[in-house]
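All residue numbers in this chain count up from 1 along the given sequence.
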Amino acid sequence: MRNALQSATRAIEARPTLMRWILGGPGALILAVMVTSAMPVWFPAGAAQLNHIAFPILLFPAIWAVPFFYVALEGNMVRCTLVMGAAILAHGLLIASAFTGG
């Protein structure tokens, strides 16, 4: 396990520009779609006791900008990869829990 983490760290540090492009492009888009899809789960219900679906759609550009600029400004690409991966995983679990009723 430790060797796998060390080799992944070396691979990320060997090509930081490539990782920045991958995380800033498709990575930021995937995270923004995941956050937007999971937003009805954690966003408070409206006056009619329905989950808001307009707010995630209207906030999508701002939601996309946060991970994009995080990737652009972060100096440690290993930490950036871990944070983006954890955020994608957490929102994926939220979406899965909404469909399974958990």
- Message: Hydrophobic cluster membership, with links at side-chain heavy-atom distances under 4.5 Å among I/L/V/M/F/W/Y: are Met84 and Leu73 in one?
- Response: no
- Task: Look at the side-chain heavy atoms of Ile, Leu, Val, Met, Phe, Trp and Tyr, link any pair under 4.5 Å apart, and say whether Ile63 and Leu89 land in one connected group.
- Result: no
- Note on the structure: Heavy atoms of Met19 and Met77 approach each other most closely as C-CE, 3.9 Å
- Message: Ignoring hydrogens, what is the shortest heavy-atom contact between Ile95 and Ser37? Give both atom names and the distance.
- Response: CD1-CB, 3.6 Å
- With hydrophobic residues grouped by side-chain heavy-atom distances under 4.5 Å, do Trp64 and Ile22 end up in a single group? no
- Item | Shortest non-hydrogen separation from Pro61 to Leu58 and the atoms involved | CD-O, 3.5 Å
- Can you see which heavy atom on Val83 is nearest to which on Tyr70, and at what distance? CG2-OH, 3.7 Å
- Item | Shortest non-hydrogen contact from Ile88 toward Ile30 | CD1-CG2, 4.1 Å
- Heavy-atom nearest pair, Ala72 first then Arg20, reads O-NH1, 3.6 Å
- Message: Tell me whether Phe60 at atom CZ has more than 12 heavy atoms from other residues, nucleotides or ligands lying less than 6.0 Å away.
- Response: yes
- Transitively linked via ILVMFWY side-chain contacts under 4.5 Å: Met34 with Leu82? yes
- Query: Is there a chain of hydrophobic side chains (I, L, V, M, F, W, Y, each step under 4.5 Å between heavy atoms) that links Leu94 to Leu59?
  - Reply: yes
- Decide yes or no for Leu23 and Thr81: does some side-chain heavy atom of the first lie under 4.5 Å from some side-chain heavy atom of the second? yes
